Every structure is written in C-alpha cells, then in structure tokens.
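Because the structure is predicted, anything quoted here is derived from the model rather than measured.
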Amino acid sequence: MGSVIYDKSMSLDGFIAGANMRVEAGLGDDGERLHDWAFKDPAGMKLIEGEIEKLGSVICGRTTYDMSIQYWGADGPTPTRVPLFVLSHSVPDDVPDGGVYTFVGDLGTAFERARETAGDKNIGVMGADVGRQALRAGLVDEISVHLVPVLFGTGTRMFEDGGVDEHVTLELLDVNGSPLATHLRYRVVRDG
C-alpha cells in the first residue's frame, strides 16, 4: 500500500490561498504565485512529474473542486488521468462527462475508495479542510510543503486554528529548493 500524502504550496506566513477566493481566482488574490515553482522552474516540474508517477488516486473537498474544475476539465488536476474522490454532501449538476471524479459523502468512504483505486500507489490529499480532517483522523502518512518566499498576510491557512487536536510529531524526510520554493517533506510519526 502506498502513502497518504497531504501536499500543499504555502506562503511563508502559512497561507495556501490568498484573500478573496472566488471562481475567477480559485487561489485568491495573487494566489497563483504559490505555484510558480511548479510551472516556471524545470526542477519544480520534474519534482511534480516524479510524484505523479507514484500517484494512484486523489482526495479533495468540494471547495477545491468548485474553484478548480474550470482549469482541470474532465481529466483532473494531473497531466495523466488519476481518479479523484471529492468529499461533498451533493453532486454538482455540471460534472464533466467521462471525468475522473467520484463524489462521496464522508471522509471514511473517500479514503476507502481511494485506497481500493490506488492499490500500491500513493493517495494525494488536496484542500485545507480535507487535509486537516485527514490529519486529525490519523490518515496522513506524509506532509509535503512547498514553501514559497512570499508573505500573504490574509487568505486560507494550511492549518487554521492549528489544524489538529493534539501534537503531531513529524520527521524530516527531505528538503531541497530553488529560488521559487523550498520543498519540505515530513513523515507523520505515529509513536511519538
């Protein structure tokens, strides 16, 4: 079985989206600069390609879906089609035909279906709320943060109000970077 990886780009002051998130600006005001490391740096794209090769399924929340579907289309957020389970209490009317999306009503079902689909590959977790829920439920194996050298001041925090109910010990697995981001990868330590 692969790992469950909560992966986010984040400003130095802890925001994964700028202020004023809306359909026209899914990452808020100036939020797209959080992904410059991936699209403007060949090393960043190589990092993403390596992770996508190991990816078997993805879980996200409805807000992530609603803000991103116009960019993703039927094929989802990755260059290769990977099943995406959307945690939602309803199914939108305009889901793309033949898309990679499955809507599920609770976190447990989302992870059960994602594990079945992923097999030995990894499960990616997207979205602040779903990431925090998965972390609190003890479902996250690794946290990958792409720390972008910018201060947003306001927006959506990766770990709002701490994001967890108790201390979570992390073990540093890898750190590397470029002028556009420092990439940090941690293992969630279950016994400590």
Side-chain angles (χ1 to χ4, degrees), residues 2 4-11 15-40 44-45 48-49 51-119 121-137 139-140 144-146 148 152 154-160 163:
V4 175
I5 302 171
Y6 180 28
D7 186 290
K8 293 305 297 176
S9 293
M10 181 177 75
S11 68
F15 294 97
I16 60 172
N20 302 314
M21 280 180 50
R22 57 201 180 279
V23 173
E24 301 81 24
L27 290 175
D29 296 338
D30 199 29
E32 287 300 319
R33 82 186 284 180
L34 292 173
H35 293 157
D36 283 352
W37 67 269
F39 300 109
K40 295 182 177 181
M45 185 51 73
I48 288 176
E49 289 169 351
E51 291 305 311
I52 290 172
E53 287 178 16
K54 299 180 256 180
L55 193 62
S57 63
V58 177
I59 298 171
C60 78
R62 180 65 183 269
T63 300
T64 299
Y65 173 86
D66 287 343
M67 297 294 176
S68 305
I69 189 61
Q70 65 181 329
Y71 307 107
W72 293 346
D75 294 336
T78 58
T80 56
R81 289 174 59 95
V82 175
L84 195 150
F85 297 90
V86 182
L87 190 58
S88 177
H89 298 294
S90 63
V91 178
D93 294 331
D94 58 350
V95 178
D97 290 335
V100 296
Y101 311 101
T102 301
F103 291 81
V104 295
D106 65 90
L107 190 68
T109 301
F111 272 89
E112 181 181 309
R113 302 279 307 277
R115 283 191 208 300
E116 290 169 2
T117 303
K121 292 190 165 194
N122 293 336
I123 298 170
V125 177
M126 300 174 64
D129 187 49
V130 171
R132 290 188 295 260
Q133 287 181 54
L135 193 56
R136 278 193 298 271
L139 299 169
V140 175
S144 178
V145 177
H146 311 283
V148 178
F152 275 4
T154 61
T156 302
R157 289 194 181 275
M158 184 169 180
F159 297 110
E160 192 68 40

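A salt bridge does not link E112 with R115: every distance from a Lys NZ or Arg NE/NH1/NH2 to an Asp or Glu carboxylate oxygen is 4.0 Å or more.
Counting all heavy atoms, side chain and backbone alike, G56 lies closest to P83 at O-CD, 3.5 Å. In plain terms, the two heavy atoms of G26 and M21 that are nearest each other are O-CE, 3.5 Å. Contact record, I5 with S144: CG2-CB, 4.1 Å, taken as the closest heavy-atom pair. Across all non-hydrogen atoms, the minimal contact from V4 to V125 is CG1-CG2, 3.6 Å. In terms of heavy atoms, L84 sits closest to P77 at CD1-CD, 3.5 Å. Smallest separation of non-hydrogen atoms from L107 and A137: CD2-CB, 4.1 Å.
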- Query: Given the rule in the side-chain contact (heavy atoms from CB on, under 4.5 Å) test, do M10 and F15 qualify, once you have shown the distances and angles that lead to the verdict?
  - Reply: CA-CA 5 Å; M10 181 177 75; F15 294 97; 5.8 Å; no

- Task: Go through the steps for F85 and V130 under the test side-chain contact (heavy atoms from CB on, under 4.5 Å), then give the verdict.
- Result: CA-CA 11 Å; F85 297 90; V130 171; over 6 Å; no

- Message: One pair to check against side-chain contact (heavy atoms from CB on, under 4.5 Å): I69 and D94. What are the steps and the verdict?
- Response: CA-CA 10 Å; I69 189 61; D94 58 350; 5.7 Å; no

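Looking at K121, its side chain does come within 3.5 Å of a backbone N or O of E53 through a donor-acceptor pair. Counting only distance, with no hydrogens or angles, the side chain of R132 and the backbone of M158 share a donor-acceptor pair below 3.5 Å. With hydrogens and angles disregarded, a donor-acceptor distance shorter than 3.5 Å links the side chain of S9 to the backbone of L34. Looking at R33, its side chain never comes within 3.5 Å of a backbone N or O of V148 through a donor-acceptor pair.
Using a 4.5 Å heavy-atom threshold, the side chains of W72 and P96 count as separate. Residues L27 and M67 fail the side-chain proximity criterion, which asks for heavy atoms closer than 4.5 Å. Side chains of T63 and D129 form no contact here, defined as non-hydrogen atoms less than 4.5 Å apart. Residues H146 and I16 are not in side-chain contact: their nearest non-hydrogen atoms beyond the backbone lie 4.5 Å or more apart. Side chains of P79 and E49 form no contact here, defined as non-hydrogen atoms less than 4.5 Å apart.
Between the side chains of S57 and R113, no donor-acceptor pair of N or O atoms lies under 3.5 Å.
Distance OG1/T156 to CG/N20: 10.0 Å, rounded to 0.5 Å. Summarising the geometry, atom CG belonging to L139 is positioned 8.0 Å from atom CD1 belonging to I59; distances are rounded to the nearest 0.5 Å. Annotation: the span from M45 atom CE to W37 atom CH2 amounts to 8.5 Å, rounded to 0.5 Å.
Using bins of under 30°, 30° to 60° and over 60° for the plane-to-plane angle, the ring pair Y65/F103 lands in the perpendicular bin.
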